[in-house]
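The structure appears below as structure tokens.
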Amino acid sequence: IAALGAAASVELSPSEVLGDGSIADRLSHLRAGSDVYVNMVKTSFEHFSEVAAASASLSAAGFRPIPHLPASRFRARGELHELVTRLVDSGVQQLLVVGGNDLRERLASGICVYAGAGGLLQQEADELRRRGIRRVALAGHPEGHPGLGGRSAEEASMRLLEEKVDSCLQAHLEVVVASQLSFDARCLVAWLHRARCLLNDRAAGSTNVQFHIGLPGPTPLARLQRIADICEVSAHFIPSAFDVADLDGDGLISLEDVLERLSALELAATGDALRQAWARHASVEQEGRGRLPRLRRGDFARLLAADAAASAGQRASTPPAEGRKTLQRSVPGPSTFVAGGAPLGAEDVGKTLVRPDEVVLALAAYCEAEQVDGAEVALNVFPFGGLPRAMALVAELKTGAWPEIDVDLERGHS
């Protein structure tokens with residue numbers, strides 16, 4: 001957990017970076033040289049001036065800016081080349097290449113020279129390298145790209161990601177995959193395990209592909225649910241799958257609870273395999289004169305991680321394409337909700353803030369089991385509830401103060 005926090009990054013809007021006060025002070029809980037994504041949600045090409053200025057400010061403060069580069073913004077290749085030179089002059093060495101929320105509409109209007117992030121990279125990866133870019137970040141979708149069909153298009157989404165990774169590697173660019181939000185810890189770990197296996201096979205002989213796992217900072221429940229709805233990711237496990245399975249709300253899960261909620265939890269293991277997995281992770285709880293095995297939150301996160309990795313390992317490669325899927329519609333991403341550091345609205349004041357405990361615990365369990373360090377997998381925080389809260393969360397991660405881990409000293413489970 002501490003390693004995930006130590007390597008954490010954050011996404012900001014240009015207005016947040018260029019706002020009042022020192023950006024170094026506002027990001028003081030990030031270590032020197034940390035990555036900071038700079039989003040571009042305005043649709044005007046002129047907005048790149050703010051992005052470049054924000055990148056220069058971050059670079060001067062000792063951070064590594066990763067500005068968003070939406071393919072939909074460019075009418076001609078020359079516009080891209082000039083912009084990249086400008087960004088490099090601002091201290092940028094890495095870019096997040098995305099299609100853009102309005103890609104489909106601009107393509108239909110004939111005012112976009114690139115067919116998407118993949119098309120831009122196929123044409124320009126070598127040029128990006130020549131102009132000073134050393135690393136490219138790519139969007140990953142644990143639940144499938146909603147514009148391609150969401151869960152029904154997980155394979156198509158992975159295939160497109162593989163193609164973009166290939167374009168980068170062929171140009172000798174380093175690659176990091178920045179994941180879309182997912183509140184489903186099991187789905188997220190399964191995607192991560194499979195993506196690591198597939199993409200690092202393609203990167204054999206070069207630096208491993210890195211992963212920045214997107215997660216929300218402390219955010220009111222209603223706001224998170226709105227974000228999930230608009231971004232078209234599942235809100236079923238907000239705040240956690242544990243709460244779905246904890247039928248009596250006592251903070252403990254029995255085997256019967258898991259079996260009753262089996263379809264809702266979407267576990268791959270069933271029958272005897274599930275009972276064996278449950279027994280491996282359960283702690284011993286005292287109840288009257290009996291001693292009954294139960295799952296605590298930490299135990300349950302480990303079970304989710306193990307179940308996800310085992311099921312993902314059974315799909316070691318993407319199946320042959322049955323015809324290339326194309327973007328059916330544009331869907332907003334989480335960057336839309338990373339505003340200029342705006343405070344919580346009046347409707348949110350006094351409400352309990354949701355933290356992504358289960359996602360972090362499951363990721364930590366997976367990384368521990370697979371011996372993955374912070375250089376390969378790290379967290380990327382979306383400060384939906386404000387930057388100060390997000391930075392406080394990073395500080396607690398680094399010290400191990402959050403998330404709280406249940407520990408059974410007798411059996412050594414956590």
Side-chain angles (χ1 to χ4, degrees), residues 9 11-12 14 35-43 45 47-48 51-52 54-55 64-88 90-104 106-107 112-141 145 147-148 157-180 195 199 202-203 207 209-212 214 326-327 330-336 338 380:
S9 58
E11 179 173 316
L12 301 177
D35 293 323
V36 179
Y37 288 85
V38 182
N39 66 35
M40 183 182 178
V41 295
K42 296 181 183 178
T43 57
F45 190 83
H47 185 41
F48 275 123
V51 173
S55 297
R64 301 194 302 174
I66 310 179
H68 291 205
L69 192 78
S72 61
R73 296 273 66 80
F74 302 101
R75 295 171 179 262
R77 295 182 65 190
E79 288 183 342
L80 172 71
H81 299 166
E82 292 175 11
L83 175 67
V84 170
T85 296
R86 184 177 180 186
L87 290 172
V88 170
S90 300
V92 171
Q93 293 188 330
Q94 45 190 348
L95 300 166
L96 172 61
V97 179
V98 295
N101 290 342
D102 57 350
L103 175 63
R104 184 174 174 82
R106 289 176 68 85
L107 284 173
C112 179
V113 70
Y114 302 113
L120 186 153
L121 289 167
Q122 286 174 2
Q123 294 185 61
E124 307 290 0
D126 287 320
E127 188 66 21
L128 294 180
R129 173 78 182 180
R130 191 181 74 79
R131 290 177 181 267
I133 298 302
R134 296 293 175 262
R135 184 166 73 151
V136 169
L138 304 169
H141 296 84
H145 193 304
L148 293 173
S157 299
M158 185 66 77
R159 192 173 297 110
L160 289 175
L161 178 58
E162 289 180 281
E163 292 173 1
K164 288 183 281 189
V165 168
D166 285 345
S167 294
C168 293
L169 294 176
Q170 288 165 11
H172 305 289
L173 292 164
E174 297 178 16
V175 178
V176 58
V177 177
S179 81
Q180 164 70 290
L199 300 183
R202 304 177 96 84
T207 304
V209 173
Q210 297 173 294
F211 292 86
H212 287 173
T326 58
L327 192 69
S330 298
V331 180
S335 298
T336 305
V338 179
N380 180 44

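Quick note: residue numbers are just sequence positions, from 1. Bear in mind the structure is a predicted one, so any value in this text is a computation, not a measurement. Hydrogens, waters and symmetry mates play no part in the numbers below; they use all other heavy atoms, side chains included.
- Leu128 is listed as a side-chain neighbour of Leu121, based on a closest heavy-atom distance under 4.5 Å.
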Could you go step by step and tell me if Met40 and Arg73 meet the side-chain contact (heavy atoms from CB on, under 4.5 Å) rule? CA-CA 10 Å; Met40 183 182 178; Arg73 296 273 66 80; 3.4 Å; yes

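- When the options Glu174, Gln93, Gln210 are evaluated for a side chain to side chain donor-acceptor pair (under 3.5 Å) with Arg135, the one that passes is Gln210.
- Residue Ala203 comes nearest to Leu169 through the heavy atom pair CA-CD1, 3.8 Å, listed as atom of the first residue, atom of the second, then distance.
- At a threshold of 4.5 Å between non-hydrogen side-chain atoms, the residues Leu69 and Leu80 count as touching.
- The nearest pair of heavy atoms linking Ser55 to Pro65 is O-CG, 3.6 Å.
- With a 4.5 Å cut-off on side-chain heavy atoms, Phe74 and Leu83 count as touching.
- Looking at heavy atoms from C-beta onward, Glu163 lies in side-chain contact with Arg159 at the 4.5 angstrom threshold.
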Leu199 and Val177: CA distance, side-chain angles, deciding distance, side-chain contact (heavy atoms from CB on, under 4.5 Å) verdict: CA-CA 10 Å; Leu199 300 183; Val177 177; 3.9 Å; yes

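- For Pro14 against Ala54, the heavy-atom pair with the smallest separation is CA-CB, 3.9 Å.
- Proximity of a side-chain donor or acceptor of Arg106 to a complementary backbone N or O of Ser72 within less than 3.5 Å is detected.
- The backbone N or O of Arg129 sits less than 3.5 Å from a side-chain atom of Arg134, completing a donor-acceptor pair.
- The minimum heavy-atom distance linking Ala137 with Ile66 is given by the pair CB-CG2, 4.4 Å.
- Using bins of under 30°, 30° to 60° and over 60° for the plane-to-plane angle, the ring pair Phe48/Phe45 lands in the perpendicular bin.
- Taking 4.5 Å as the limit, some side-chain heavy atom of Pro70 sits within range of a side-chain heavy atom of Val98.
- With salt bridges taken as basic N to acidic carboxylate O contacts below 4.0 Å, one links Glu127 and Arg130.
- By the side-chain contact (heavy atoms from CB on, under 4.5 Å) test, Gln123 is found to be paired with Arg77, Tyr114, residues two or more places apart in sequence or in another chain being considered.
- Minimum interatomic distance between Ala125 and Ser167 (heavy atoms only, all atoms of both residues): CB-O, 3.6 Å.
- With respect to Gln94, the side-chain contact (heavy atoms from CB on, under 4.5 Å) criterion is satisfied by exactly one of Leu87, Asp35, Val136: Asp35.
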Given Ile133 and Val92, is the side-chain contact (heavy atoms from CB on, under 4.5 Å) satisfied, shown in steps? CA-CA 7 Å; Ile133 298 302; Val92 171; 4.2 Å; yes

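- In this structure, Ser179 contributes its side chain and Gly140 its backbone to no donor-acceptor pair below 3.5 Å.
- Closest non-hydrogen pair, Val176 versus Phe211, comes out as CG2-N, 4.1 Å.
- A donor-acceptor contact under 3.5 angstrom links the side chains of Glu124 and His81, judged on distance only.
- Asp166 has its side chain within reach of Arg202: a pair of non-hydrogen atoms, C-beta onward, lies under 4.5 Å apart.
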